[in-house]
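I have placed the structure first, in the form of structure tokens, so that the comments after it can refer back to it.
Below, chains carry the letters A, B, ... as their sequence lines are ordered, and counting in each starts from 1.
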Amino acid sequence: MPEKIFRIYNSMTRSTEVVEPAQPGRLRFYACGPTVYSYAHIGNFRSFLTADLVLRTAQAIGWETAYVTNITDVGHLTEDDAADAEGEDRMAKALRSKEGERFANIWDLARYYANTLLSDWQALNLREPDARPRATEHVARQIRDVARLLEKGHAYETAQGVYFSVASFPDYGKLSGNVLATGLDEGVRDVVQDPEKRDPRDFALWKKDPDHLMVWHSPWGWGFPGWHIECSTMAQAYLGESFDLHTGGEDNKFPHHECEIAQAESLSGKPFARYWLHTRFLQVEGEKMAKSAGNFFTVRDLVGPESEGGRGIHPLALRLALISGQYRKPLNFTFDQLLACARHIQRFEEAADLAAQGVARNDPGEDALGEPLARLYEQALAAMLDDLNTPEAIAAAIEGAKRVLRDGRTMGGATARSAQNWLEKINGLLGIVAQETPRTAAKTAGSAAAEEAFAREVEDLLRQRAEARAQRDFQRADAIRDQLAGMQVEIMDAPEGTRWRRQISNPVS
RNA sequence: GGUGACGUGGCCGAGUGGUUAGGCAAAGGUCUGCAAAACCUUGUACGGCGGUUCGAGUCCGCCCGUCACCUCCA
């Protein structure tokens with residue numbers, strides 16, 4: 001394979017740069033994961049999907065990857081040095097809410113939402129990281145890092161906690177441009193503040209609080225770690241003091257990533273991550289996604305079965321919708337777009353079916369698709385290598401699916417093998433053709449049996465309709481068609497017989 | 001107030017100096033008992049005003065609008 005150039009926009013330098021891993025051909029990167037105090041929403045996943053696409057693109061050009069993403073299962077303070085008015089953090093608040101009543105304690109809640117995160121992750125076809133560290137499992141190392149920061153004079157202790165001293169790190173602000181303390185000491189700081197803080201910019205490394213729902217013992221007594229320390233500690237634990245790329249949502253840029261840099265570089269004296277990538281927030285129907293606006297969606301709100309209050313959207317349709325805009329621009333998530341994506345997924349699935357049938361038939365003939373499909377794959381890859389230009393890559397993928405569908409049921413074995421190979425490669429790059437990780441066994445077994453019974457029923461009706469049509473009893477044939485429509489089944493008459501498929505559920509209805 | 005983005009046809013969304021993005025929706029057509037599906041055909045749009053240029057959606061200035069961050073957030 002000729003040398004491929006992978007370009008991304010580096011938030012640190014504010015310019016698009018060629019990605020050159022410190023070890024050529026081996027990309028080491030860290031993606032900031034969520035706090036597991038609730039179900040992950042589609043905005044969370046837009047950001048995780050960006051990391052997934054970096055991974056897939058790097059792998060597509062033959063790079064090795066070391067990919068680490070965390071789960072934050074410690075409830076952090078709503079501000080760095082202050083709990084909110086009730087003295088609670090986000091996880092404690094979730095536990096106290098109506099939704100939280102079913103959990104025995106805070107650990108139970110964190111475990112539950114971490115598990116739902118993983119199943120949503122699989123549903124949306126995100127590849128697994130090499131490591132998925134949890135904050136609660138790395139507290140000892142966080143304590144060690146805080147102690148070392150104290151030793152090196154980058155931190156100080158007060159009656160309430162341990163703080164990072166921003167004045168000790170002159171580069172503070174190099175990522176976000178927030179260099180001034182102006183405005184930081186007003187407004188929100190009137191709830192609980194630590195009068196011993198030396199600089200309003202200083203942020204908590206450790207909070208002393210023996211009454212918190214999650215506490216650990218430390219040299220500074222019982223308490224819990226600050227929010228920013230977990231990511232820099234875990235990233236350095238798994239990827240080394242210095243690694244290639246760090247990703248997250250645009251909101252992470254400040255303060256979270258700025259603080260990570262301060263901690264990590266103060267400890268190591270080396271650059272932390274060399275490239276920084278931030279995903280912009282998405283909007284929903286033109287507005288900021290917010291519970292109060294009624295446009296707030298978790299993954300399971302959309303892809304969950306209707307029997308469980310979901311909308312029955314194909315998970316890959318959601319995936320496609322969330323990557324249909326380039327990560328660096330705001331994306332307007334709309335239900336029109338989601339419905340269009342569901343159609344595309346259906347086409348990809350049909351193309352895969354046709355290719356599989358063609359391979360099985362293995363009719364003679366020239367390979368009619370090898371060359372054009374290879375070209376379309378190169379187009380898609382080139383688009384992804386250009387700062388993850390997903391819209392262009394998807395356009396090439398759709399064009400390829402069209403070619404496969406056009407040759408359809410008449411393609412020979414050679415053509416079908418090319419089609420199958422191409423679909424696999426496109427799926428490897430974009431993950432929009434088929435799920436790579438099989439869903440959990442129990443789920444599959446249960447729904448497979450139901451699916452089979454349903455298919456038998458449909459095919460029986462189709463036989464009756466075929467008879468009616470043969471007798472030119474169109475009234476009866478149309479009645480059966482209506483009956484199938486009532487079962488959410490649409491049918492396609494073709495010269496070689498009638499095919500059927502489930503109707504795409506309309507997310508708006 | 002400070003900082004940074006963005007504004008493209010009915011909708012979503014690429015494109016950064018000169019030649020088609022793509023999709024959805026819509027219209028016409030082929031096929032069909034009728035439909036549906038599939039396939040074919042059809043769109044000259046770039047917030048406003050000025051400027052630079054042989055040529056601007058693309059560069060510059062101003063204005064209008066939307067969004068984000070500035071210690072809750074992906």
Side-chain angles (χ1 to χ4, degrees), chain A residues 11 14 31-35 37 40-51 76-82 84 89-90 93 176-185 187-189 200-204 227-228 247-256 258-259 278-283 285-290 320-321 324-344 346-347 350 383 386 389-399 402 405-406 408-409 469 472-475 477-478 481-482 485 490-495 498-501 503:
Chain A
S11 308
R14 296 176 197 200
C32 274
T35 304
Y37 64 100
H41 57 72
I42 57 178
N44 293 121
F45 267 92
R46 165 130 128 126
S47 165
F48 308 155
L49 279 162
T50 303
H76 290 290
L77 299 173
T78 52
E79 293 159 28
D80 264 311
D81 64 344
D84 66 10
D89 64 47
R90 289 213 298 286
K93 212 175 211 168
S176 63
N178 288 330
V179 289
L180 298 174
T182 319
L184 288 180
D185 51 355
V188 291
R189 316 197 77 69
R201 297 173 300 168
D202 292 351
F203 53 91
W227 171 38
H228 312 300
T247 73
E250 60 172 323
D251 57 312
N252 283 153
K253 195 191 268 186
F254 188 87
H256 187 53
E258 197 73 74
C259 295
H278 293 99
T279 303
R280 283 218 64 172
F281 278 177
L282 58 74
Q283 294 182 264
E285 303 290 350
E287 290 179 59
K288 180 178 170 132
M289 183 169 77
L320 182 56
S324 66
Q326 202 249 6
Y327 74 93
R328 213 147 52 74
K329 284 195 173 175
L331 172 72
N332 188 10
F333 180 89
T334 65
F335 282 100
D336 279 353
Q337 172 74 343
L338 188 55
L339 200 56
C341 289
R343 298 237 154 79
H344 291 309
Q346 197 172 52
R347 284 202 189 102
E350 189 157 352
D386 180 18
N389 190 337
T390 42
E392 290 218 334
I394 290 166
I398 288 172
E399 172 64 22
K402 270 184 166 174
L405 290 169
R406 201 176 303 160
R409 321 194 88 70
R469 289 179 77 205
R472 304 193 68 76
D473 181 355
F474 296 121
Q475 207 174 353
D478 290 350
R481 186 163 67 199
D482 290 345
E490 61 181 329
I491 60 177
M492 288 88 71
D493 290 328
T498 300
R499 290 175 298 133
W500 68 277
R501 68 188 177 198
Q503 258 166 25

So CZ of F48(A) and OG1 of T247(A): to nearest 0.5 Å the spacing works out to 9.5 Å
Roughly how many Å is it from [atom1] in [X] to [atom2] in [N], rounded to a whole number?
X: E258(A); N: C70(B); atom1: CD; atom2: C1'; result: 12 Å
X: I491(A); N: C34(B); atom1: CD1; atom2: C1'; result: 12 Å
X: E250(A); N: A74(B); atom1: CD; atom2: P; result: 12 Å
X: D251(A); N: A74(B); atom1: CG; atom2: C1'; result: 5 Å
X: D493(A); N: C39(B); atom1: CG; atom2: P; result: 17 Å
X: L282(A); N: C69(B); atom1: CG; atom2: P; result: 13 Å
X: R328(A); N: C69(B); atom1: CZ; atom2: C1'; result: 17 Å
X: N44(A); N: A74(B); atom1: CG; atom2: P; result: 5 Å

Counting side-chain heavy atoms from C-beta on, which of [options] comes nearest to [X]?
X: A340(A); options: A68(B), C24(B), A74(B); result: C24(B)
X: R469(A); options: C40(B), U32(B), A74(B); result: U32(B)
X: E490(A); options: A36(B), C67(B), A74(B); result: A36(B)

Would you find a donor on one side and an acceptor on the other, under 3.5 Å apart, between the side chain of [X] and the backbone of [Y]?
X: S47(A); Y: G43(A); value: no
X: D386(A); Y: A383(A); value: no
X: E285(A); Y: F335(A); value: yes

[atom1]-based separation of [M] from [N] [nearest Å]:
N: C46(B); M: G4(B); atom1: P; answer: 29 Å
N: G29(B); M: G18(B); atom1: C1'; answer: 35 Å
N: U66(B); M: C59(B); atom1: P; answer: 23 Å
N: C34(B); M: U41(B); atom1: P; answer: 24 Å
N: U3(B); M: U16(B); atom1: C1'; answer: 24 Å
N: A45(B); M: G9(B); atom1: C1'; answer: 4 Å
N: G43(B); M: G10(B); atom1: C1'; answer: 11 Å
N: U8(B); M: G15(B); atom1: C1'; answer: 10 Å

Does [N] pair with anything, Watson-Crick or G-U wobble, both distances under 3.5 Å, and if so, with which nucleotide?
N: A14(B); value: none
N: U53(B); value: none
N: C46(B); value: none
N: A21(B); value: none
N: C6(B); value: G65(B)
N: U71(B); value: none
N: A35(B); value: none

Answer yes or no: side-chain N or O of R481(A) and base N or O of A35(B) forming a donor-acceptor pair under 3.5 Å. yes
Taking atom types as they are modelled, would you say the side chain of D478(A) forms a donor-acceptor pair with the base of A35(B) within the 3.5 Å cutoff? no
Between A395(A) and F48(A), which residue's closest nucleotide on RNA chain B lies nearer the 5′ terminus? A395(A)
Please tell me which of L405(A) and I398(A) maps to the more 5' nucleotide of RNA chain B, matching each residue to the nucleotide holding its nearest heavy atom. I398(A)
Ionic contact status for R499(A) with D493(A), cut-off 4.0 Å: no
Between R501(A) and E490(A) (salt bridge meaning N to carboxylate O under 4.0 Å), is one present in this structure? yes
[N] phosphate, OP1 or OP2, under 4.0 Å from [X] side-chain N/O:
X: R406(A); N: C40(B); answer: yes
X: R347(A); N: A38(B); answer: yes
X: R343(A); N: A25(B); answer: yes

Would you mind building the protein contact string for nucleotides 7-14 of chain B? One character per nucleotide, 5' to 3', B for base within reach (heavy atoms under 4.0 Å), S for sugar-phosphate only, - for untouched. -----SSS
Indicate whether the side chain of Q337(A) and that of S324(A) have a donor and an acceptor atom separated by less than 3.5 Å. yes
Verify whether one side chain among E258(A) and S176(A) offers a donor that lies under 3.5 Å from an acceptor in the other. yes
At under 4.0 Å between heavy atoms, what does [X] touch on the DNA or RNA strands: base, sugar-phosphate, or nothing?
X: K402(A); answer: sugar-phosphate
X: R501(A); answer: sugar-phosphate
X: H344(A); answer: sugar-phosphate

Can you check side chain to side chain contact (heavy atoms under 4.5 Å, CB included) on L331(A) and Q283(A), steps first, answer last? CA-CA 6 Å; L331(A) 172 72; Q283(A) 294 182 264; over 6 Å; no
Please work out whether the ring planes of F203(A) and H228(A) are parallel, tilted or perpendicular, with thresholds of 30° and 60°. perpendicular
